[in-house]
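For reference, the structure is listed below as C-alpha cells.
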There are 2 protein chains.
Amino acid sequence: MLNMRSVAGDLTTQARIRDVAIERFPKDGFAGTTVRAIAAAAGVSPALVLHHFGSKEGLHRACDEHVVQMTMEMKREAMETGTYRESGAIAATYKLAEPALRYLAWTLGTGSETAARIFGDFVDDVTVQLVEGQENGLINEYHGDPRQQAAVLVAMQLGGLLLHDHLTQAFGVDMLSAEGLMAAAPYALQAFSGNLFDKEIMAQTKQAIEQLQPTGDTEQRATR
Amino acid sequence: MLNMRSVAGDLTTQARIRDVAIERFPKDGFAGTTVRAIAAAAGVSPALVLHHFGSKEGLHRACDEHVVQMTMEMKREAMETGTYRESGAIAATYKLAEPALRYLAWTLGTGSETAARIFGDFVDDVTVQLVEGQENGLINEYHGDPRQQAAVLVAMQLGGLLLHDHLTQAFGVDMLSAEGLMAAAPYALQAFSGNLFDKEIMAQTKQAIEQLQPTGDTEQRATR
DNA sequence: CTCCCGACTAAACGAACGTTTAGCATGCTG
DNA sequence: CAGCATGCTAAACGTTCGTTTAGTCGGGAG
C-alpha cells in the first residue's frame with residue numbers, strides 16, 4: 001500500500017502538492033492560482049494534481065480540511081497547556097505554521113462554509129470561556145448576550161490575524177511569529193483594561209452610536 | 001465633451017461598469033471575475049470595458065481609486081459632524097454604501113498597496129486622536145508607542161468589517177447597516193470599558209504572553 | 001515469473017480568457 | 001456641408017486554463 005514513488009523531505013507527494021496549494025491560494029486567490037503553477041512548484045505534472053484530488057476544487061477542499069484539522073489540533077494542545085484560556089483563544093494560533101495562518105486568514109475573509117465553521121467554533125469557545133469565567137470570577141458582570149459578546153471579541157482578535165501584513169509593517173516584526181504576538185498583545189490588553197479610554201469618551205461614543213439613524217433608507221448613499 | 005450615448009439611472013456608462021466591478025471583484029476575486037461577466041452585468045460589450053479602462057488591471061485601479069475617494073469623503077463628513085472622533089474613526093464607515101464596504105474589506109484583506117494606504121491612513125487618524133485625546137483628558141495615560149497602539153485598535157475595529165458576514169450571522173442583523181453597528185458596538189464598548197475582564201485574567205494573559213518562546217525555531221511546526 | 005494496481009507523465013482537448021481590430025453610429029466643430 | 005473625435009459593437013486573435021486520454025514505470029501479490 002505504501003507505494004509512493006518520490007518522497008522528498010519525508011512528505012508524501014500528495015501532501016507536498018497540498019502544502020504548495022495552501023501557500024499559493026491565499027497569495028493569488030483560488031481562480032488566480034493555476035493547477036500548472038501548483039504542479040510546477042511541487043515538482044510534478046499538472047495531471048498528477050488532478051489524479052490525487054480529482055479537480056482543482058477538490059484540492060481546495062483538501063486544503064480547507066487540512067487547515068481546519070491543524071487548527072483543531074493546535075487548539076487541543078493549547079487547551080492542555082492552559083494557554084488557550086489565558087490567551088483569549090485565538091492568540092494561540094501563532095503556534096500554527098505561517099502558511100497555515102495565512103490560509104486561515106484568507107479563508108476567513110471569504111464567505112465560505114469553512115470560514116463560517118471556523119468562526120463559529122471560535123465563538124463557541126469564547127462563549128464558554130465567558131460563561132465559565134463569570135462563575136469563576138474571571139469575567140465580571142456584563143450586559144447582553146454572551147454569544148454576541150463572544151462574536152465581537154472573536155472578530156476583534158481575528159482582525160489582527162486578517163490584517164497581519166499591515167500590523168507587521170506597523171510594528172516592524174512579523175505578526176505571525178511569537179515575537180509579533182508578544183509585541184502587539186500588550187496593546188490589546190491595554191485597550192481591554194479600561195485604562196486607555198476615559199469614561200467621558202466612552203459615554204460620548206455610546207451616545208453617538210445610539211443616535212445613528214436606525215434605517216439608512218432616507219439618506220442612503222449611492223455608489224456614485 | 002459630454003457626449004455619452006446611453007445614460008441609465010443618471011450614471012455614466014463608465015461609472016456603471018466600475019460599480020459593477022466593485023460589486024464583483026470582492027465576490028469572486030480579481031482573477032475569478034471575468035471582463036465578460038462585468039460587461040454583461042453592465043449591459044455593454046466586453047470591448048467597451050477595455051476601451052474605457054485600458055485593461056482589466058486598469059479597471060481594478062479605477063475601482064481602488066474610487067473606493068479610496070469615497071472613504072476619504074466619508075471621513076471628511078464624519079469629521080465635520082463630529083462622529084468620526086466619537087465613533088473611533090472606523091465605525092463611521094457604515095455611511096458608505098454596502099458594495100463599497102465589501103470592496104474595502106476585500107482590498108484590506110489583500111496585501112495591495114491600496115490596502116496599506118487605507119490602513120495607514122486610519123492608523124494616522126487614530127494616532128492623532130490618541131495624542132490629542134491625552135491632552136484633552138479623553139485618553140488616559142498609556143504605555144508604549146501611540147502609533148502601535150493605534151494600529152492594534154484599527155486592526156480590532158476593522159476585524160468587524162472584514163468578518164461582517166460572520167457577525168451578520170451571529171447577530172441576525174446586517175452588520176454593514178446602521179442597525180448592525182448599533183447592535184454590535186455596545187459589545188465593543190463593553191470590552192474596552194475594562195468592566196468585562198477581571199484583573200486576574202488580564203494578569204494571567206499578560207504573563208502567558210510574556211512566557212512565549214521568543215523564537216519559534218526550536219519547536220517549529222511544519223505544515224505537515 | 002506473471003499479473004496488476006497505483007504513482008506518474010506527455011500530449012492533447014475544448015472552453016474560456018484578456019485583448020485587438022475593424023467598423024458603425026452619433027454629435028460636436030469648423 | 002464635410003470632417004473628425006467619441007461611444008460603442010461584432011468578430012476574431014492567440015493564449016492559457018482545467019481537464020482527459022493514453023500510456024510508462026515499478027513494486028507487491030499470487
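Sequence lines set the chain letters: A, B, ... in the order given, protein chains first and strands last, and positions in each chain run from 1.
- Residues B:T12 and B:Q14 bring no donor and acceptor atom of their side chains to less than 3.5 Å of each other.
- Atom CZ of A:R16 is separated from atom P of C:dC8 by 8 Å (rounded to the nearest Å).
- Between A:D124 and A:R147, some side-chain heavy-atom pair lies under the 4.5 Å cut-off.
- At a threshold of 4.0 Å, the pair A:E98-A:R102 counts as salt-bridged, since one of the basic side-chain nitrogens sits closer than that to a carboxylate oxygen.
- The stretch residues 48-58 of chain B touches DNA chain D through B:L48, B:H51, B:H52, each having a heavy atom within less than 4.0 Å of the strand.
- The pair B:E65-B:R61 fails the salt-bridge criterion, with no side-chain N (NZ, NE, NH1 or NH2) lying under 4.0 Å from an Asp/Glu carboxylate O.
- Remark: P of D:dG18 and CZ of A:R24 are 13 Å apart, rounded to the nearest angstrom.
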Inset, instruction - Let me see the working for A:M156 and B:F192 under side-chain contact (heavy atoms from CB on, under 4.5 Å), right down to the final yes or no. - result: CA-CA 11 Å; A:M156 282 179 166; B:F192 288 143; 3.7 Å; yes
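- Side chain of A:A47, nearest nucleotide from D:dT21, C:dT19, D:dG18: D:dT21.
- Note on B:S45: every side-chain N or O is 4.0 Å or more away from OP1 and OP2 of D:dC8.
- Distance, A:I38 CD1 to D:dT19 C1': 14 Å, rounded to whole Å.
- Between the CG atom of A:L11 and the C1' atom of C:dA7 there is a distance of 16 Å, rounded to whole Å.
- Side-chain contact between B:L130 and B:L153 is present, with heavy atoms from C-beta onward closer than 4.5 Å.
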